[in-house]
A.B. asks: 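Take a look at this one; I'll ask things after.
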Amino acid sequence: MMLLPNGIRHLPEYLDRPRQEALVETIRAIVAEAPLFVPAMPGTGKPMSVRMTNCGSLGWVTDKERGYRYQEIHPVTGRPWPAIPDELLALWQDIAGYEKPPEACLVNFYSDDAKMGLHQDRDEKDLGAPVLSISLGNACLFRVGGTTRTDRTLSFKLSSGDIVVLGGAGRLCFHGVDRIYPATSTLLKNGGRINLTLRRVNP
DNA sequence: CAGTACCG
DNA sequence: CAAA
């Protein structure tokens with residue numbers, strides 16, 4: 001386990017290849033039920049480069065008019081999100097060290113040219129629970145900073161099967177994805193990267 | 001500002 | 001507003 005500044009935990013190769021493959025199949029089923037959508041920035045409506053969907057009782061969404069929020073239904077289909085699969089609930093039990101289960105699992109799909117700007121996860125009412133992030137597919141350059149945007153940042157590579165835990169002092173740290181490294185994994189036949197983010201929303 | 005322009 |  002790699003301990004980074006602010007107590008952020010990096011668990012390299014936490015998931016072996018068979019577990020990664022099983023997760024990808026599970027995600028395929030979720031995406032079939034809750035299709036990927038293009039999120040838009042609040043105010044400007046500028047589309048983000050990632051596509052996303054969710055599973056869980058709540059999903060994180062954003063659009064021009066209403067901005068960042070959690071809601072119970074898919075913004076395009078209007079249906080409830082699929083349930084969080086047992087394998088992810090088990091992962092949370094094993095790693096998060098938090099009594100209540102996650103309510104939201106954000107599924108972000110990064111094409112090989114997608115990025116995610118530095119941001120904080122601060123839309124959850126329960127900031128005591130950690131945020132658990134799972135990487136699948138092509139590697140990425142991940143960047144983490146401190147709790148203000150101007151704090152110095154540290155960049156490192158995340159590979160398929162890696163898990164990052166933002167908890168404790170690191171819960172509100174700025175973080176983002178600067179680039180995807182194309183063709184660095186054979187897990188996803190069509191390339192790209194999937195990130196799963198498990199979060200507890202309500203105390 | 002979960003975004004991006006610009007410059008060196 | 002800053003890193004890359």
Side-chain angles (χ1 to χ4, degrees), chain A residues 4-6 8 10 27 30-31 34-56 58-76 81 102-127 129-159 162-167 170-184 192-202:
Chain A
L4 298 150
N6 305 305
I8 291 166
H10 178 201
I27 297 308
I30 288 167
V31 170
L36 295 169
F37 61 92
V38 178
M41 298 300 293
T44 64
K46 179 71 91 163
M48 293 171 55
S49 59
V50 300
R51 293 185 296 155
M52 62 178 53
T53 188
N54 291 266
C55 54
L58 292 170
W60 189 87
V61 301
T62 172
D63 57 31
K64 178 177 181 172
E65 296 76 21
R66 301 179 60 194
Y68 307 153
R69 65 196 186 274
Y70 283 94
Q71 64 179 40
E72 296 176 340
I73 61 171
H74 190 289
V76 177
W81 306 103
E103 294 164 297
C105 175
L106 177 60
V107 179
N108 279 330
F109 177 76
Y110 293 76
S111 57
D112 285 338
D113 60 359
K115 305 178 294 293
M116 177 78 76
L118 264 194
H119 67 279
Q120 292 173 299
D121 290 16
R122 53 177 307 162
D123 302 313
E124 301 74 30
K125 284 183 279 204
D126 185 351
L127 294 174
V131 169
L132 203 154
S133 162
I134 302 157
S135 293
L136 297 168
N138 286 340
C140 75
L141 184 63
F142 187 70
R143 186 151 60 104
V144 289
T147 52
T148 78
R149 195 173 278 283
T150 50
D151 285 343
R152 125 165 57 234
T153 62
L154 171 68
S155 296
F156 57 99
K157 187 195 279 195
L158 290 181
S159 298
D162 289 9
I163 293 184
V164 172
V165 186
L166 302 178
R171 176 62 180 76
L172 287 174
C173 281
F174 278 84
H175 57 281
V177 172
D178 283 339
R179 67 163 298 199
I180 303 296
Y181 296 104
T184 48
R193 170 178 183 263
I194 292 171
N195 180 259
L196 307 176
T197 310
L198 291 164
R199 304 188 183 106
R200 180 76 199 182
V201 179
N202 297 116

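First the proteins, then the strands, lettered A, B, ... as listed; each starts at 1.
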A.B. asks: Measure centre to centre between the rings of A:Phe156 and A:His10, then say whether the value is under 6.0 Å.
C.D. replies: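 Yes; A:His10 has its ring centre under 6.0 Å from that of A:Phe156.
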A.B. asks: Just the rounded figure in Å: distance from P of C:dA2 to CG of A:Asp178.
C.D. replies: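 From A:Asp178 CG to C:dA2 P: 16 Å.
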A.B. asks: I need the single residue from A:Arg69, A:Arg200, A:Arg171 that forms a salt bridge (Lys or Arg N to Asp or Glu O under 4.0 Å) with A:Glu124. Which is it?
C.D. replies: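 Filter result, single survivor: A:Arg171.
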A.B. asks: Checking A:Asp113 against A:Ser49 for the side-chain hydrogen bond (donor to acceptor under 3.5 Å, both in side chains) test, could you report, in this order, the C-alpha distance in whole Å, the side-chain angles of both residues, the deciding distance, and whether it holds?
C.D. replies: CA-CA 8 Å; A:Asp113 60 359; A:Ser49 59; over 6 Å; no
A.B. asks: Using whole Å, what does the distance between atom P of nucleotide B:dA2 and atom CZ of A:Arg143 come to?
C.D. replies: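 Taking CZ of A:Arg143 and P of B:dA2, I get 12 Å after rounding.
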A.B. asks: Once you apply a heavy-atom cut-off of 4.0 Å, does A:Asn195 come out as touching a base, just sugar-phosphate, or nothing?
C.D. replies: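 Nothing, no heavy atom under 4.0 Å.
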A.B. asks: Atom NE2 of A:His175 to atom P of B:dC1: distance rounded to whole Å?
C.D. replies: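 After rounding, the reported distance stands at 16 Å.
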A.B. asks: Stacking check: are the rings of A:Trp60 and B:dA2 less than 5.5 Å apart at their centres and under 30 degrees in tilt?
C.D. replies: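 It does: the ring sits over the base of B:dA2.
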A.B. asks: Among the candidates B:dT4, C:dA2, B:dA2, find the nucleotide nearest to the side-chain atoms of A:Thr150.
C.D. replies: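 Closest nucleotide among those given: C:dA2.
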A.B. asks: State whether the distance check finds a donor on one side and an acceptor on the other, under 3.5 Å, for side chain A:Arg149 versus base B:dC1.
C.D. replies: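 Pair found.
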A.B. asks: What nucleic acid atoms does A:Leu141 come within less than 4.0 Å of, heavy atoms only: base, sugar-phosphate, or nothing?
C.D. replies: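 Touches nothing.
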A.B. asks: Taking atom P of B:dA2 as reference, at what distance in whole Å does atom OH of A:Tyr70 sit?
C.D. replies: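 After rounding, the reported distance stands at 13 Å.
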A.B. asks: Without decimals, in angstroms, what is the distance between A:Arg122 CZ and B:dC1 C1'?
C.D. replies: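 Checked: the CZ to C1' distance equals 12 Å.
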A.B. asks: Take atom CZ of A:Arg179 and atom C1' of B:dT4, then tell me their distance rounded to the nearest Å.
C.D. replies: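 Value for this atom pair: 19 Å.
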A.B. asks: Rounded to whole angstrom units, what separation is found between the NE2 atom of A:His119 and the P atom of B:dT4?
C.D. replies: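 Computing the A:His119:NE2 to B:dT4:P distance gives 14 Å.
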A.B. asks: Is the shortest heavy-atom distance from the side chain of A:Tyr181 to the side chain of A:Leu141 under 4.5 Å?
C.D. replies: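 A side-chain contact under 4.5 Å exists here.
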A.B. asks: What nucleotide, of B:dA2, C:dA4, B:dT4, holds the atom closest to the side chain of A:Lys46?
C.D. replies: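 Ranking B:dA2, C:dA4, B:dT4 by closest atom to the A:Lys46 side chain puts B:dT4 first.
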A.B. asks: Base, sugar-phosphate, or nothing for A:Met41, non-hydrogen atoms under 4.0 angstrom?
C.D. replies: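 Counting heavy atoms under 4.0 Å across all strands, the contact made by A:Met41 is with sugar-phosphate only.
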A.B. asks: Under 4.0 Å between a Lys/Arg side-chain N and an Asp/Glu carboxylate O for A:Asp178 and A:Lys115?
C.D. replies: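 Not counted as a salt bridge, because no side-chain N and carboxylate O are separated by less than 4.0 Å.
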A.B. asks: Nearest whole angstrom, please: distance from the C1' of C:dA4 to the OH of A:Tyr181.
C.D. replies: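 A:Tyr181 atom OH is separated from C:dA4 atom C1' by 11 Å.
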A.B. asks: Please evaluate the base of C:dA2 for a donor-acceptor partner in the side chain of A:Asp151 within a cut-off of under 3.5 Å?
C.D. replies: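 Donor-acceptor pair under 3.5 Å: no.
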